[in-house]
Structure formats: C-alpha cells, structure tokens
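Below is one structure, written out as structure tokens; comments come after it.
Atoms within each ligand, like the ligands themselves, are counted from 1 in listed order.
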Amino acid sequence: MQKLLSSLGSVTAVIGAQWGDEGKGKATDILGEHYDVIARACGGANAGHTVIVAGKKHVFHLLPAGSLHAGKPVILGSGMVIHLPTLLEEIKTVEDAGIPLMNRLFISGAAHVICEYHKQVDGALEDRRGKSGIGTTRRGIGPAYMDKAERIGIRMEQITQDLRPRIEERAKTLKAWLGITVDIEKELKEIAIAKDALRSCIVSEMPMFLHDFLSKGKTMLLEGAQASLLDIDHGTYPYVTSSSTTVAGALQGLGLPPRVLTSSIGVTKAYCTRVGAGTFLTEDLTERGSRLRERGGEYGATTGRPRRCGWLHLPELKYSAILNGFTCLNMTKLDVLDQEEEIPVGIGVTSSGTATFKNLQGWKQSTVGITDFRKLPTAAQDYVRFIEEEVGVPVRLIGTGPGREEMIIRN
Ligand code: GDP
Ligand code: IMO
Ligand code: MG
C-alpha cells in the first residue's frame, strides 16, 4: 500500500470509468484511511456507493463512502445537488454507527438543494418520454441542474432565508407546465429542519476553504460519483446524467485548481454493467449475462433496478482513460468471473455498429479474498495484464470480493 500511496501523491481522484457502480465507494473507503480530507464534488442521491466493513453493509448516496473514517473532514462540493432529508438520514446512519460526523462535515454554500418538486418533475418528464425514457433514478437530478443552469436554483447558503415566495412562484410555474401540485408546506418544513441541523456545516467559499487545507500540507481524496460514460458532455448523450463526472468535473465541482491533482484512479469492473437506457454494445442478454448479475449482485443500490450486464469494451475503456488521464486503474469484481469458461472482451466495432470480441481464457477457480497478485490463477493474471496493456494504464488495485480487505494492491 505504501508504494501505491507514494506514487499517488497528495491529491487523488477516484473516478468511474464505465457507466457507474464500478465500486468507487469501496476504493475510497480503503484509500480514505490514508488521506486527510475526503470530498465529493458532483451529482446527488442518484449515486449509491456500497461499502462492506466487518460484514456490515453501508450505503451512501450523498456523503462520500470515505466518511466512515472517524475524525477526517468530509466535504460536499459546490457541484453537488443535495436532497436535504436524504442527507440528514445519512448523517444519522453514520452517527448511529458510533462515528461522529457533524463536527467534521463541510457543505459548500454554492451546492444546490433538491426539493421534492425536482423529483416530481423528474418523474413527470420520464413518464412523458415513455418508452424512449432515459431511465433516470427519478431523484430530481436533471431538474435540479436545469434550475441551476436557469439561475433560479436554491443554494445551500440560502436555506436560512425565507424561501416561501420563491417556492410559491415555482409551484405556480410547475402547475402550469406539467400539472404538478407542489406541497409547499412540506417543502418549507424540510428546509426548516435542515436549516437548524446543517447551518453550522455550510461553508461560504469552498475554494478558499480547501486551499487552506492544502496550504497546510493536508492530503485529499476526491470520490467521484456516476461515471465517465454518463458525463453530460463526454458520455453517451442523451443517455447520461446531468453533471460533469470526469476528473475535470471533480476539480470544477470542488473549486480546486487542476495543478493540485497528483493522480487519478479509474475504477472499472472486470466486466461491465449499465442501469437505465442507452447504448451498451457488449451487453449480454443470454444466461451468461444473468449469471454476471446474480454473482455480482447487480441490482442498483439506489433504485433496486436490475443492472444490464455484459463484457468489457476496450475502446470505451481507452476513451475513459484518455478523457481522464488515469494514473492507474482499480479493476473490481474479478471474483465475479470465477465460473466463466471463456471471457469475451469487446475489442472493436463493425461498420454496422456491433461489437467485435476476443475470447480470453477463464480460470474456473475461486479468487475470492485473494490479496496477492501472484496467488491469482495464471489465466486471471493474464486477463488483468491483457486489459492494462490494451488500455495503456496499469491496474494497481484489483477487487476480489465486496469486503474492505478483499483487494489486491499491486506494485
Ligand atoms: P459505486 O457506485 O461505484 O460505489 O459502486 P456500487 O457500490 O454501486 O456497486 C458496486 C457493488 O459491488 C457493491 O455492492 C460493492 O459491495 C460490490 N463490490 C465492490 N468491489 C467488489 C469486488 O471486488 N467483488 C465483489 N464481488 N463485489 C464488489
Ligand atoms: P454511482 O455513483 C449508475 C444513471 C441512471 C440513468 C442516467 C441518468 O452509484 O455510480 P439521473 O438520475 O442521474 O438523471 O439518471 O444515469 N445513473 C447511474 N447509474 N450509477 C450511478 O451512480 C448513477 N447515477 C446516475 O441510471 O441511466
Ligand atoms: Mg453505485
């Protein structure tokens, strides 16, 4: 671990290299122990990051999974969209687990609030799109960023103000536009509860606040949410989320100058999954795909939806690596492939738009819990080597199970 850490340096971003749910939470939980400050930059409770510590499952939607490390400052950045009751619930879960959080939680005043009406709008727009829907999480993400871009959003720094006139105005507009009835009293009540609970956590100038940590020599781990192929600019538009999910997006969302970043880790499964609609050239609709789903527990942590399952696609992984400039990769869930005779890997696309595959040899042997690369079956080692050579980025971490200890750190 020490060798890995010294090569990563003082500010590291952990970023999804596929369509989400790669295991970013587990990576930041493991690495978080070795960094001084843990931060999330963008997105909202569309994220679901699962961590398993001593057999106990923790699911995070807004807080970074690294929050489990007592005493470390936790940052929610300006690029985030925050549903207040979800945040309060999550804070309570962490504190109930005996880990104090309130005195070390810092929320950017520039982050936006997700109201119940954003969720209503998300649902109404998805319903209206019908079969051609995006398959959003219906957590109000898109509508909250719409309000932000329209410059009518409510920022965290404003929750102490009297918001009744603004919400009444919004309710009128939404009624006329989508026939939605906004429960104004409920909205105001939720904000009032959050105002009392969170007032002391709100930071007015997050870039200055973070600069202060860095100037004192503190190290920082940025936990990405969503993933590169869901990026609003660089992903598979329109089947994307509404935020910037790349390394650059994480820096922008926090207000960190790019030159402070020393490394970035791209997290990819040993295969591939996607939730919601959109292209997925290596999707496997046969029983092999179902086996990946069952073995990998591929059901959304946020919505419970079954994830679409398939194989790695090298052109996409290379795209992600180039887009983000990954220092190294964390390949997760290698153990899920343990029963495969052969493992297809997408290597290209035909003129008619279908993926071409290369079949790699499987290992038909358990890799669960292995922590030494040399102890992996030869075919599993070859699989990892093939991927890193093709992508041109070394695989330095390899997941062999959901637990905190089930990770190979490779020098
Ligand atoms: P995130 O959104 O990127 O943080 O990923 P999620 O937490 O949504 O999904 C990853 C799932 O895979 C979680 O249920 C993790 O507990 C689990 N997981 C992570 N790494 C591994 C691994 O190496 N092996 C197995 N079997 N499960 C893993
Ligand atoms: P984590 O951080 C997987 C997907 C949704 C949908 C699209 C748009 O756990 O990896 P949105 O609600 O954001 O407007 O939905 O993006 N999506 C995710 N898929 N993991 C996520 O987060 C996701 N966040 C959004 O399924 O296809
Ligand atoms: Mg997830």
Parallel, tilted or perpendicular: ring planes of Phe209 versus Phe213, cut at 30 and 60 degrees: perpendicular
Ala47 to ligand 1, any heavy atom closer than 4.0 Å: no
Atom 24 (N) of ligand 1 [closest protein heavy-atom partner, distance rounded to 0.1 Å]: Asp335 OD1, 2.8 Å
Under 3.5 Å: N/O of Ala225 near N/O of ligand 2: no
Sub-4.0 Å heavy-atom approach of Gly48 to ligand 1: yes
Val275 N/O to ligand 2 N/O under 3.5 Å: yes
Proximal protein heteroatoms (N, O or S) of the Mg ion (ligand 3), under 2.8 Å: Asp21 OD1, Gly48 O
Enumerated ligand 1 atoms positioned under 4.0 Å from heavy atoms of Thr400: 23 (O)
Backbone of Ala13 reached by a side-chain donor or acceptor of Ser264 within 3.5 Å: no
Shortest protein heavy-atom distance from atom 20 (N) of ligand 1, along with the residue and atom involved: Lys26 CD, 3.5 Å
Per-residue contact class, Tyr239 against ligand 2 - non-hydrogen pairs under 4.0 Å: neither
Polar contact flag for Arg138 and ligand 2 (N/O pairs, less than 3.5 Å): no
Nearest neighbour in protein (non-hydrogen) for atom 8 (C) of ligand 2: Val240 O, 3.4 Å
Closest non-hydrogen atom pair between Cys328 and Leu8, with its separation: SG-CD2, 4.2 Å
Partners meeting ring pair (Phe, Tyr, Trp, His ring centres under 6.0 Å) with Phe357 (sequence neighbours left out): none
Note: Arg291-Glu298 ion pair, threshold 4.0 Å (strictly below): no
Thr137-ligand 2 polar pair, N/O distance under 3.5 Å: yes
Shortest protein heavy-atom distance from atom 4 (C) of ligand 2, along with the residue and atom involved: Leu230 CD1, 3.9 Å
Any N/O pair Asp21/ligand 2 closer than 3.5 Å: yes
Any Ala227 heavy atom less than 4.0 Å to ligand 2: no
All salt bridge (Lys or Arg N to Asp or Glu O under 4.0 Å) counterparts of Asp231, not counting sequence neighbours: none
Ligand 2 to Gln226 polar contact by distance, N or O atoms, under 3.5 Å: yes
Minimum side-chain heavy-atom gap Tyr35-His69 below 4.5 Å: no
Nitrogen or oxygen atoms of Glu22 and ligand 2 under 3.5 Å apart: no
Numbering as shown, the atoms of ligand 1 that approach Gly399 to under 4.0 Å (heavy-atom distance): 23 (O)
Heavy atom of Arg307, distance to ligand 1 below 4.0 Å: yes
Thr219 side chain near Leu214 side chain, heavy-atom distance below 4.5 Å: no
Under the salt bridge (Lys or Arg N to Asp or Glu O under 4.0 Å) test, residues paired with Arg170 that sit two or more places apart: Asp147
Side chain Arg410, main chain Val395, donor-acceptor under 3.5 Å: yes
Ligand 2 N/O within reach of Arg305 N/O, cut-off under 3.5 Å: yes
